[in-house]
Every structure is written in structure tokens, then in C-alpha cells.
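These notes concern the structure reproduced below.
The model shown is predicted, which means the values in this text are computed figures rather than measured ones.
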Amino acid sequence: MVAELEAIERGDQQKTVSVWDGPLAAFIRALEDNPDRLEEVGHALQRELDLDEHDVERSEVLRLALRL
């Protein structure tokens with residue numbers, strides 16, 4: 001796994017993953033339509049995962065939602 005992470009960091013391998021998840025796609029779309037809620041939702045996800053709250057952006061909210 002370390003070698004794969006190093007390859008991604010060097011740019012030798014793609015670092016994005018495509019998945020199809022209808023509910024998750026709808027969730028992200030709703031946040032895109034309501035950007036004022038993005039930070040609120042991101043902080044709620046951080047609390048749910050027992051993480052320290054910090055600034056969030058769309059990709060961070062998606063990562064947290066996938067973890068949850």
C-alpha cells in the first residue's frame with residue numbers, strides 16, 4: 001500500500017476514484033445547490049466521526065461522507 005501511495009504522490013497513478021452511489025450523489029448535489037450549508041454539514045460529519053472540527057471543502061465533505 002505504501003508503494004501505491006507514493007506512486008500517487010509522484011503523479012504516476014491516478015488519485016481519483018469513480019463510484020456510483022445514488023444517495024451519495026444526491027447528497028453532494030444538494031450541497032452544490034446549497035453551498036451555504038457545506039461547512040455546517042462538514043462539521044456535523046466530523047463530529048459524527050469523532051474528529052476535530054476544521055475547515056471543510058466539497059472534497060473533504062465527500063471523503064467524510066464515504067467514511068461514515
Mind checking salt bridge (charged side-chain N to carboxylate O under 4.0 Å, His left out) for E53 and listing every partner two or more places apart, or none if nothing turns up?
-> R47
State, to 0.1 Å, how close I28 and R58 come at their nearest heavy-atom pair, and which atoms those are.
-> CG2-NH2, 3.4 Å
Find the distance between CG (L51) and NE2 (H43) and round it off to the nearest 0.5 Å.
-> 11.5 Å
Residues, nucleotides or ligands: over 12 heavy atoms within 6.0 Å of D55 CG | no
Hits for salt bridge (charged side-chain N to carboxylate O under 4.0 Å, His left out) against D12, two or more places apart or cross-chain, chain-then-number order -> R10
Donor-acceptor contacts under 3.5 Å from residues 59-68 side chains, at least two apart:
| residue | atom | partner | partner atom | Å |
| --- | --- | --- | --- | --- |
| S59 | OG | E57 | OE2 | 3.0 |
| E60 | OE1 | R63 | NE | 3.2 |
| E60 | OE1 | R63 | NH2 | 3.1 |
| E60 | OE2 | H54 | NE2 | 3.3 |
| E60 | OE2 | R63 | NH2 | 2.9 |

